[in-house]
Number of protein chains: 2
Amino acid sequence: MQQKIPAVTPDTFDTSGFIPRANSLAGSVYEAIFAQLMTLKIPPGTRITVDNLVRELNVSQTPIREALGRLEGEGLVVKTHLIGFSAAPQITRRRFDELYQLRLLLEPDSAARAAIAMDDVKLSALRAAAGLMGRREGGDERLRYSTFARQDAMFHDKILEIAGNELIREALNHQHTHFHIFRLMFHSRVTEEALDEHEALLAALEAGDGPAAERAMRVHLEHSRDRLLPAFD
Amino acid sequence: MQQKIPAVTPDTFDTSGFIPRANSLAGSVYEAIFAQLMTLKIPPGTRITVDNLVRELNVSQTPIREALGRLEGEGLVVKTHLIGFSAAPQITRRRFDELYQLRLLLEPDSAARAAIAMDDVKLSALRAAAGLMGRREGGDERLRYSTFARQDAMFHDKILEIAGNELIREALNHQHTHFHIFRLMFHSRVTEEALDEHEALLAALEAGDGPAAERAMRVHLEHSRDRLLPAFD
DNA sequence: CAATATAAAATCCTATAGGATATGGGATTG
DNA sequence: CAATCCCATATCCTATAGGATTTTATATTG
């Protein structure tokens with residue numbers, strides 16, 4: 001157990017009081033594997049070898065198996081008995097279409113609800129999330145997309161939070177939408193037209209205009225889908 | 001490793017060929033714990049003790065921790081570092097409302113899609129699922145509800161399957177809707193008015209009438225929600 | 001009696017070990 | 001040369017062990 005595992009993060013508060021509770025090894029291993037999946041260090045469909053992780057992360061098999069079990073439960077990893085674990089496969093075109101169908105059913109409705117629930121505090125938080133995305137960070141293009149993708153996810157998540165249905169928010173998060181999209185686009189040049197669409201969405205949310213917010217979200221998702229489709233060619 | 005774990009089930013086919021692949025211990029443990037959660041043998045919110053399961057299931061800690069990790073990933077179990085695992089809490093009224101909001105966004109649309117996709121084979125499978133539910137099995141009332149709830153779940157799931165969006169189907173299944181509802185009602189007398197609503201739904205589906213199927217599903221879900229609400233009093 | 005302190009027991013968490021199974025490389029055969 | 005076989009190695013899977021932490025029971029104090 002050494003430096004390969006992220007440092008203990010004592011800012012994780014336990015739910016029963018005010019004393020920070022250190023992260024477990026299994027928890028840290030989960031995060032490390034998740035990061036490797038996200039950055040395609042473990043490519044889609046490839047084997048995840050427990051013994052390799054033991055060597056790489058310098059921990060025993062036990063927390064690794066537990067973390068992989070959790071990732072299995074989340075659908076990010078697939079397990080076959082006696083063969084082991086592998087990364088869930090790359091999202092297929094079919095799956096992508098289904099995902100956007102789900103998003104189109106849930107997110108416009110949530111945008112409308114968020115518009116109705118909008119107030120100054122929430123709007124300011126939302127603007128902060130949107131503002132982060134507009135900022136052009138330095139560094140290479142992939143890092144910029146990485147940042148953009150993470151902040152795009154935060155922006156959408158903030159709208160879901162304001163909409164007020166935690167279960168729907170979690171259901172969407174569970175699909176790891178942004179995870180899949182990020183991996184899909186990881187090797188691509190990407191255009192950031194989303195920013196204009198976000199502005200239109202923000203304006204509707206700011207105005208507390210439910211139907212307009214719903215329309216803006218629908219348009220944004222349809223364009224987002226269409227922008228991503230070439231990745232399947 | 002003894003009789004407490006379900007017998008090896010060689011009817012699990014591996015994806016790469018035709019030779020049955022036995023279930024892993026971790027897999028069997030997962031199923032055993034899931035069953036205990038479902039039947040409230042492990043009540044909502046209570047501690048799940050690894051060492052107790054070791055004794056009860058007569059397997060070592062390793063597959064138990066892995067199975068619990070998977071259940072954690074599925075949200076059915078909560079883990080706190082150094083304290084251990086516990087069953088996810090009973091669904092709250094808030095959560096229940098959110099769940100029905102999700103269902104009302106997704107299932108009527110799916111019913112409409114299923115109506116459009118309907119053919120004789122699918123209809124026959126759906127009727128079989130509905131027919132099972134109408135049958136009054138013997139045994140005590142709770143067993144009858146248990147059977148009803150399982151078959152209700154299968155009926156709804158069959159509609160989702162016919163609708164053709166596997167991701168939405170999985171997203172709804174991931175919420176373990178019927179699991180939660182089942183647990184909620186486990187100690188209650190229940191009325192089986194759902195059957196009439198199912199008949200109306202079936203008629204619309206049979207007729208290939210998308211809008212009617214959507215309406216019938218919406219009505220059914222609203223009534224289902226209202227029937228279940230007293231459980232929170 | 002209630003509150004506090006202490007000790008014992010239970011449990012959590014992880015490392016290690018070892019048998020079973022799968023995989024990959026080299027040798028052999030046709 | 002391709003196909004098959006055999007063996008060594010790697011990996012999977014689970015059991016066991018032991019130190020750390022939490023929980024529970026008991027003793028002590030005011």
Side-chain angles (χ1 to χ4, degrees), chain A residues 1-6 8-10 12 14-33 42 45-72 77-87, chain B residues 1-6 8-10 12 14-33 42 45-72 77-87:
Chain A
M1 206 294 296
Q2 224 78 27
Q3 69 262 43
K4 289 291 177 69
I5 295 292
V8 170
T9 58
T12 303
D14 83 55
T15 56
S16 60
F18 303 100
I19 307 298
R21 187 171 286 266
N23 215 11
S24 64
L25 264 196
S28 300
V29 169
Y30 168 86
E31 283 159 16
I33 299 171
I42 302 174
T46 61
R47 289 282 308 284
I48 300 174
T49 314
V50 174
D51 287 8
N52 276 349
L53 285 172
V54 167
R55 289 185 290 266
E56 181 182 331
L57 302 182
N58 200 14
V59 299
S60 78
Q61 298 156 354
T62 314
I64 289 172
R65 294 194 74 83
E66 189 181 319
L68 285 168
R70 184 171 156 203
L71 286 160
E72 184 195 359
V77 151
V78 176
K79 178 189 171 183
T80 311
H81 183 38
L82 297 178
I83 290 178
F85 294 88
S86 38
Chain B
M1 205 298 291
Q2 222 78 24
Q3 70 264 44
K4 290 289 178 71
I5 294 292
V8 168
T9 58
T12 301
D14 84 53
T15 57
S16 60
F18 304 100
I19 309 297
R21 187 170 287 267
N23 214 11
S24 63
L25 263 194
S28 301
V29 170
Y30 167 88
E31 283 160 17
I33 298 172
I42 301 174
T46 61
R47 289 281 308 283
I48 300 174
T49 316
V50 173
D51 285 8
N52 277 348
L53 285 172
V54 166
R55 288 185 290 268
E56 183 182 332
L57 301 182
N58 199 15
V59 299
S60 80
Q61 298 156 352
T62 315
I64 289 173
R65 295 195 71 84
E66 188 180 318
L68 285 168
R70 183 171 158 204
L71 286 159
E72 181 194 6
V77 151
V78 175
K79 177 189 171 186
T80 311
H81 185 37
L82 296 179
I83 291 181
F85 295 87
S86 38

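Heavy-atom basis, side chains included; hydrogens, waters and symmetry copies ignored. Chain letters run A, B, ... following the sequence lines, proteins first and then strands; every chain starts at 1.
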Atom [atom1] of [X] and atom [atom2] of [Y]: how far apart are they, to the nearest 0.5 Å?
X	Y	atom1	atom2	value
A:D51	A:Q61	CG	CD	5.5 Å
B:T49	B:F85	OG1	CZ	11.5 Å
A:E56	A:I33	CD	CD1	9.0 Å

By nearest nucleotide on DNA chain C, pick out whichever of B:T49 and A:A26 is the more 5' one. B:T49

Take the protein atom CD1 of A:I48 and the nucleotide atom P of D:dC13, then report the distance between them rounded to whole Å. 13 Å

Atom-to-atom span, CD of A:E66 to C1' of C:dA15 - whole angstrom: 14 Å

Nearest heavy-atom pair of A:Y30 and A:A67: which atoms, and what distance? N-CB, 3.6 Å

So if I take every side-chain heavy atom of A:D51 and compare against D:dA15, D:dT11, C:dC13, which nucleotide ends up nearest? D:dT11

Nearest-nucleotide pick for B:V50, side chain only, options being C:dC12, D:dC12, D:dA15: C:dC12

Phosphate oxygens OP1/OP2 of C:dT11: is one of them under 4.0 Å from a side-chain N or O of B:R55? yes

Relative orientation of the end axes in the helix from C:dC1-D:dG30 to C:dG30-D:dC1, expressed as an angle to the nearest 10° (five pairs per end): 10°

Summary of protein contacts for nucleotides 16-23 of chain C, nucleotide by nucleotide, where a base hit scores B, a sugar-phosphate-only hit scores S (4.0 Å, heavy atoms): BB---SS-

Non-neighbouring partners of A:N52 that pass side chain to side chain donor-acceptor pair (under 3.5 Å), sequence neighbours left out: A:R55

